[in-house]
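Keep in mind it's a predicted model, so treat the numbers as computed, not measured. Any value given below was found using the heavy atoms of this structure, including those in side chains, with hydrogens, waters and symmetry copies removed. Residue numbers start from 1 in every chain, and the chains themselves are labelled A, B, ... in the order their sequence lines are given, proteins ahead of strands.
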Amino acid sequence: MDMAGDLGIMKIMKLDMDSRFDHQKLEPEIYKAWEKSGFFNPDNLVKKGIAKKSAGRFSMVLPPPNVTGVLHMGHAIVLTIEDIMTRFARMQGKKTLWLPGSDHAAIATQAKVEKILYKEKGQSRHDLGREEFLKLVEKFAADSHKTIVNQTRRMGASLDWSREAYTLDDQRNFAVRTAFKRMYDDGLIFRKDRVVNWDPKAQTTISDDEVVHTERKALLYTFKYSKDFPIAIATTRPETKLGDTAVAVHPSDKRYKKYVGKVYDVNFAGEKLQIKIIADKDIDPEFGTGALGVTPAHSMVDYEMSLRHNLPLKQVIDERARMTVGGEDIKDKKTIEAREVILEWLRKENLLEKTEEITQNISTAERTGGVVEPLPKLQWFVDVEKKFKIPKSSIRGIKSESDVTLKELMRTVVKNGQIKILPKRFEKEYFRWIDSLRPWCISRQIWFGHRIPVWYKENKMHVDMDAPKEKGWEQDPDTLDTWFSSSLWTFSTLGWPKQTKDLKEYHPTDVLETAYEILFFWVARMILMSTYLLGEIPFRTVYLHGLVRDEQGKKMSKSLGNSIDPVDMIELYGADAVRISLIIGAAPGSDSKTSEDKIRGYRNFTTKIWNASRFVLMSYDASLKTKPAYTAADKRNLKKLEDTKKRVAGYIEDFKFHRAAELIYQYFWHTFADKVIEQSKDRLRSGKEADRAAAQDVLMKILKESLKMLHPFMPYITESIWGKLPREKGESDMLMVEKC
RNA sequence: GGGCAAUUAGCUCAGUGGUAGAGCGCUGCCUUCACACGGCAGAGGCCGCAGGUUCGAAACCUGCAUUGCCCACCA
């Protein structure tokens with residue numbers, strides 16, 4: 001194989017080695033040489049005969065980073081683990097594809113740009129209008145994309161940039177509209193008035209998974225609606241009681257049995273209410289008075305209860321979290337202000353029986369931190385429990401043309417082992433999530449994202465790929481949940497809905513590697529979409545890694561000021577040191593800690609690799625042609641090398657990257673450098689020729705094999721050293737594609 | 001309220017039935033021609049607690065404690 005010339009790697013080769021590895025200068029040069037070689041693209045691996053049919057293929061998508069900012073340690077660990085898998089597969093001669101892309105991250109990106117716009121110009125998005133504002137967001141996204149892609153390259157990630165995708169580009173938009181249309185036609189997407197999670201801060205709905213429960217202290221008030229109402233109720237939000245349409249008690253609660261079924265007209269703080277007493281087994285007779293004021297429009301629980309009992313729904317709070325009913329002193333007031341007014345009225349009327357402090361869980365929006373206000377709204381949903389006919393299925397246990405639900409599909413592929421989730425404990429969480437899954441609200445009242453492919457005219461509705469030809473149709477102003485488009489990622493990136501060669505070759509992908517945090521958001525929904533739209537699994541193995549924390553074990557975040565910038569660390573210590581320090585000590589699915597000290601420690605390892613290699617190269621006498629006479633110790637050393645290689649490969653195949661990395665570290669430093677090299681010194685200087693030949697052969701052999709083992713973990717320095725070593729027949733000029 | 005995980009040397013963590021390990025840190029010696037971002041030597045742990053299984057347990061089982069995380073509609 002002679003490709004050194006046009007690969008440009010010769011330029012960075014020298015006959016001997018510099019006294020240190022200049023990572024700042026050499027890493028970017030090496031990355032360029034890799035890119036120029038074209039070997040990140042599997043087509044070229046096949047063309048040049050590097051990928052062997054018998055070795056099979058390996059495909060994986062990169063979890064697309066959000067175009068909201070810069071690379072952080074979370075990305076760094078993703079890139080490192082996935083690059084290890086990718087490089088390992090490539091060196092095994094597999095047709096290897098690792099596909100990059102980025103995510104438009106609808107709410108997150110829009111919120112960020114709105115913040116900047118307000119800070120810089122004091123304007124809101126409405127001041128600009130939809131079109132102008134979107135231009136601004138797109139500009140921001142493009143800049144951010146550029147930064148992230150450059151930083152991704154610095155990490156050494158061997159991604160096939162020729163296939164790069166974006167969740168909001170034309171091709172992906174086509175996939176999104178296709179998916180939406182198909183789901184609508186199958187009755188799996190519906191539009192309905194339902195109580196949804198409303199984020200008053202972002203002014204949009206959010207899905208159940210975007211709701212975060214946080215504990216806080218609150219006051220629990222016990223009172224009666226009016227003097228002649230028989231039952232006292234307890235609440236932390238008296239203002240919502242203007243929307244009550246029932247009081248619920250436990251069916252076997254003797255205190256209240258006689259009232260069940262009765263209807264009362266009451267005047268509550270000036271608002272006329274009609275309250276029906278109902279019995280529901282979800283009521284805890286022990287809590288408060290054992291009676292719950294049911295507010296169907298402003299509580300998820302109460303809403304579900306109202307559906308069971310056929311209760312009317314009365315909205316009293318609007319999108320700005322202000323009251324829509326009540327007298328002058330209440331209407332249009334913020335909920336907290338209205339609460340005080342009502343409490344004042346309760347005291348005056350002598351209806352307030354008790355006030356106590358409790359700790360309660362409140363719902364907040366994941367992105368904005370705003371307190372979620374449940375509201376009835378007309379929105380689009382995905383029905384996960386409706387039966388539909390699946391045309392074609394390669395899922396074990398689900399026949400083509402059979403009737404299934406999305407939940408069944410999601411559950412089946414993990415239950416039957418077609419998809420393995422590692423570590424296994426996350427499978428349990430996955431099933432639990434599916435069991436409690438409700439309709440997925442997919443419409444968002446924001447501008448940045450895939451516009452919903454639905455058009456309205458008077459009372460007519462048109463759901464299709466494109467707008468109707470005739471005039472007067474208005475497109476739905478809402479956009480789709482960002483996870484709708486990213487859930488198509490494993491196949492939309494390969495050309496779906498077109499039946500492309502890539503789709504046939506690389507789907508299902510082999511591995512989906514990501515942080516356990518987004519198991520529900522993303523992984524589960526990819527399974528949903530792939531099984532539904534393609535009738536096949538999106539990936540065979542889900543490998544989940546933990547979060548990277550700081551020295552104190554705190555989550556790294558900008559606001560805490562404890563985040564370590566991976567790019568700073570690369571500048572200081574090199575990408576190889578950053579990579580291996582993120583791997584060692586990070587068991588699958590467990591959080592790990594990182595610090596500059598740790599990275600510096602592993603930088604020392606790169607120096608050790610460099611110096612040991614320098615020694616082997618400098619003491620190597622190429623003119624020595626004598627047949628080597630191996631000693632028993634030489635054979636033992638070579639045997640140990642083979643054992644180590646096998647164990648390392650086994651660990652990688654088992655997704656135990658931390659074990660593999662630690663083993664190579666131990667082997668290279670404490671076996672090869674400390675023992676084998678030290679023991680060879682005398683022989684190299686004064687031994688007989690045959691012994692010298694044996695000694696230098698063993699050293700060169702172990703060095704080369706060690707570099708191969710190390711390459712997936714520390715690609716830069718190993719590639720650099722490989723380029724300086726004498727090559728034997730059949731050996732590639734580029735370590736990246738050398739057989740291991 | 002339900003579930004999951006962790007608890008091993010000062011710190012960070014490996015170690016899934018057979019005489020306690022690594023890195024960092026610490027102590028002492030060594031600047032010898034690969035490397036002081038180094039070498040050699042060394043100190044340091046009744047493996048959270050209590051029971052049990054076993055010839056044998058840090059590992060398996062039961063209970064407890066502490067910490068962390070996830071989920072959940074106690075108003």
Side-chain angles (χ1 to χ4, degrees), chain A residues 16-17 19-21 195 208-209 211-213 218 220-222 233-238 240-241 244 247-248 280 282-295 298-305 358-361 363 374 423-433 435-436 438 516-517 519-520 546-547 549 551-555 573-574 577 580-581 584-587 589-595 597-619 656 658-659 661-663 665-666 669-670 673-674 677-678 680-681 684-685 699 703:
Chain A
D16 62 335
M17 290 169 69
S19 60
R20 67 182 193 97
F21 178 65
V195 171
D208 294 341
D209 292 285
V211 174
V212 184
H213 299 278
L220 181 71
Y221 306 99
T222 305
I233 55 159
T235 184
T236 53
R237 297 193 62 191
T240 63
K241 300 290 103 183
D244 282 12
V247 163
D280 193 291
D282 272 6
I283 300 299
D284 177 5
E286 303 294 316
F287 188 88
T289 61
L292 167 73
V294 184
T295 323
H298 299 289
S299 155
M300 286 293 178
V301 203
D302 296 10
Y303 175 65
E304 309 238 316
M305 206 177 286
I358 58 161
T359 46
Q360 67 164 179
N361 278 321
S363 305
K424 205 168 162 48
R425 63 172 187 271
F426 289 104
E427 286 189 0
K428 256 191 207 164
E429 289 200 22
Y430 174 80
F431 289 128
R432 195 154 34 79
W433 179 80
D435 289 341
S436 60
R438 293 185 293 183
Y516 65 73
E517 274 184 305
L519 176 62
F520 308 138
L547 309 177
R549 295 170 180 278
E551 280 171 287
Q552 273 85 44
K554 292 202 188 82
K555 205 168 164 176
Y573 305 113
I580 194 132
S581 75
I584 293 185
S590 326
D591 296 350
S592 60
K593 294 174 188 159
T594 199
S595 63
D597 277 348
K598 188 174 176 186
I599 297 166
R600 194 188 299 118
Y602 287 105
R603 185 274 318 269
N604 296 351
F605 180 48
T606 65
T607 308
K608 191 73 186 180
I609 296 171
W610 186 259
N611 282 310
S613 304
R614 206 150 69 101
F615 174 81
V616 173
L617 189 66
M618 281 162 62
S619 58
K656 289 175 181 160
H658 63 305
R659 302 289 301 277
E662 219 168 304
L663 181 58
Y665 179 99
Q666 289 304 318
W669 199 318
H670 301 300
D674 288 352
I677 289 185
E678 289 307 320
S680 74
K681 283 182 176 172
L684 286 171
R685 257 177 245 132
L699 288 184
L703 175 61

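- Across all strands, A:Gln360 comes closer than 4.0 Å only to sugar-phosphate atoms, never to a base (heavy-atom distances).
- The base of B:rA75 lies outside donor-acceptor range of the side chain of A:Asp284, with no N or O pair under 3.5 Å.
- In this structure, the ring of A:Tyr602 has its center no less than 6.0 angstrom from the ring center of A:Tyr573.
- Rounded to whole Å, atom P of B:rC71 lies 10 Å from atom CD of A:Glu517.
- A:Lys681 comes within 4.0 angstrom of a base, heavy atoms only.
- Within the 4.0 angstrom heavy-atom criterion, no nucleotide atom of any strand lies near A:Arg600.
- Closest-nucleotide positions on RNA chain B for A:Asp208 and A:Ala586 were compared, and the one nearer the 5' end corresponds to A:Ala586.
- Closest to the side chain of A:Ala673, from the set B:rA75, B:rA34, B:rC40, is B:rA34.
- Distance check on atom P: B:rC30 versus B:rU12 gives 34 Å, rounded to whole Å.
- Residues A:Glu429 and A:Glu427 form no side-chain contact, since every pair of their non-hydrogen atoms from C-beta on lies 4.5 Å or further apart.
- Annotation: B:rG51 and B:rC4 have their C1' atoms spaced 24 Å apart (nearest Å).
- Residue contacts for A:Lys428: at a heavy-atom cut-off of 4.0 Å it reaches the sugar-phosphate backbone alone, with no base atom in range.
- A:Lys241 contributes no side-chain N or O that forms a donor-acceptor pair with the base of B:rA75 under 3.5 Å.
- Taking the P atoms as reference points, B:rG39 lies 38 Å from B:rA57, given to the whole Å.
- For the pair A:Arg20 and B:rC35, the criterion of a side-chain N or O lying under 4.0 Å from OP1 or OP2 is not met.
- To the nearest angstrom, C1' of B:rC37 lies 10 Å from OH of A:Tyr573.
- For the side chain to side chain contact (heavy atoms under 4.5 Å, CB included) with A:Asp244, the qualifying choice from A:Ile233, A:Val294, A:Asp302 is A:Ile233, the only one to do so.
- Taking atom NZ of A:Lys424 as the reference point, atom C1' of B:rA5 lies 17 Å away to the nearest angstrom.
- In this structure, A:Lys681 forms a cation-pi arrangement with A:Phe615, its terminal cationic atom sitting closer than 6.0 Å to the ring centre and no more than 45° off the ring axis.
- B:rG48 and B:rU16 have their P atoms separated by 16 Å, given to the nearest Å.
- Taking atom CG of A:Leu220 as the reference point, atom P of B:rC74 lies 14 Å away to the nearest angstrom.
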**Report entry** Derivation and outcome, side-chain contact (heavy atoms from CB on, under 4.5 Å), residues A:Gln360 and A:Leu220
**Finding:** CA-CA 10 Å; A:Gln360 67 164 179; A:Leu220 181 71; over 6 Å; no
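- Remark: the A:Gln666 side chain and the B:rA14 base include no donor-acceptor N/O pair separated by less than 3.5 Å.
- When rounded to the nearest whole Å, the span between CD of A:Glu429 and P of B:rC70 equals 9 Å.
- One atom, NZ of A:Lys608, and another, C1' of B:rG38, lie 6 Å apart when rounded to the nearest Å.
- Across the P atoms, B:rA5 and B:rC40 are found 40 Å apart, a figure rounded to whole Å.
- When the nucleotides B:rC73, B:rC35, B:rA14 are ranked by their closest atom to the side chain of A:His658, B:rA14 comes out on top.
- When each of B:rA75, B:rC37, B:rA34 is scored by its nearest atom to the side-chain atoms of A:Arg603, the top-ranked nucleotide is B:rC37.
- In the set B:rA14, B:rA5, B:rA72, B:rA14 carries the atom at the smallest distance from any side-chain atom of A:Glu662.
- Base engagement by A:Asn361 is indicated by at least one non-hydrogen atom pair under 4.0 Å involving a base atom.
- A salt bridge is absent between A:Asp435 and A:Arg432; no separation between the charged side-chain nitrogens and carboxylate oxygens falls under 4.0 Å.
- Using C1' as the reference atom, B:rC64 and B:rA6 are 16 Å apart when rounded to the nearest Å.
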Requested in this report: Please assess A:Trp669 against A:Ile609 for the test side-chain contact (heavy atoms from CB on, under 4.5 Å), listing each intermediate value before the final yes or no.
Outcome: CA-CA 8 Å; A:Trp669 199 318; A:Ile609 296 171; over 6 Å; no
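- With a 3.5 Å limit on both pairing distances and Watson-Crick or G-U wobble geometry required, the stems of 3 or more pairs in RNA chain B span B:1-7 with B:65-71, B:10-13 with B:21-24, B:26-30 with B:38-42, B:48-52 with B:60-64.
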What's touching nucleotides 24-32 of chain B from the protein side, N or O pairs under 3.5 Å?
none

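- A:Gly585 comes within 4.0 angstrom of the backbone, heavy atoms only, and of no base.
- With the nearest nucleotide of RNA chain B identified for both A:Thr607 and A:Ile677, A:Ile677 has the one nearer the 5' end.
- Looking at heavy-atom distances under 4.0 Å, A:Ala587 makes contact with sugar-phosphate atoms alone, never a base.
- Taking atom CZ on A:Arg432 and atom P on B:rC71, their separation rounds to 8 Å, with Å as the unit.
- Note: CD (A:Glu427) to P (B:rA5) measures 13 Å, nearest angstrom.
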Query raised in the report: Would A:Asp280 and A:Leu292 satisfy side-chain contact (heavy atoms from CB on, under 4.5 Å), going step by step from the backbone distance to the final call?
Result: CA-CA 10 Å; A:Asp280 193 291; A:Leu292 167 73; over 6 Å; no
